[in-house]
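Just so it is clear, the model here is predicted, and its values are computed rather than measured.
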Amino acid sequence: MKRIVIVLFSLFIVSIESKTNVFCVRNSDDPIISNQIKGSSTFTYNYNTAYIQKLDSLLVRVQNSDPNIPPFGLTPSVLALTPASNPIIKNNSIVFKPSADYENFGTED
């Protein structure tokens, strides 16, 4: 039987062994990635972290604040990839970003 491990946000590891057996374990009360942790991320907002087991990496939706962008003062969301063992997100971590104006509403859509 294959075992799939998924990291949800920064708090839980979910192990799915079958369609009916799921358990969660809280690893830490501290975020894995945050712009408030020195050197962890250059982005204002870091959310929706997903663990990619095959790459031993984290895929994170990130976004910056910018008061000049209406209506909410946020830049478009982008996806960044970083090693799970040393999660640091900078501009060169971006692996998916809007390529056309209509995509500027966010990569999560």
Partner residues of L74 under the side-chain contact (heavy atoms from CB on, under 4.5 Å) criterion, sequence neighbours left out: Y45, Q63, S65, F72

From F96 atom CZ to L81 atom CG, the distance as rounded to the nearest 0.5 Å: 13.5 Å

Nearest heavy atoms of S57 and P83, plus distance in Å: OG-CA, 4.1 Å

Greater than 12 external heavy atoms within 6.0 Å of D101's CG: no

Qualifying residue, where the test is side chain to side chain contact (heavy atoms under 4.5 Å, CB included) with I89 and the options are L58, V60, I94: V60

Heavy-atom closest pair, residues N48 and R61: OD1-NH2, 3.3 Å

Heavy-atom closest pair, residues S77 and P98: O-CD, 3.8 Å

S93 side-chain N/O to K90 backbone N/O, donor-acceptor pair under 3.5 Å: yes

Side chain to side chain donor-acceptor pair (under 3.5 Å) involving D56 - partner list, sequence neighbours excluded: Y51

Set of side-chain contact (heavy atoms from CB on, under 4.5 Å) partners for S40, sequence neighbours left out: I33, I37

Closest non-hydrogen atom pair between P87 and S85, with its separation: CD-C, 3.8 Å

N64: which of T75, I69, N35, T42 passes side chain to side chain contact (heavy atoms under 4.5 Å, CB included): T75

T44 side chain near V62 side chain, heavy-atom distance below 4.5 Å: no

Check: T82 side chain, I88 main-chain N or O, donor-acceptor pair, under 3.5 Å: yes

Distance-minimising heavy-atom pair for F43 and N91: CZ-OD1, 3.5 Å

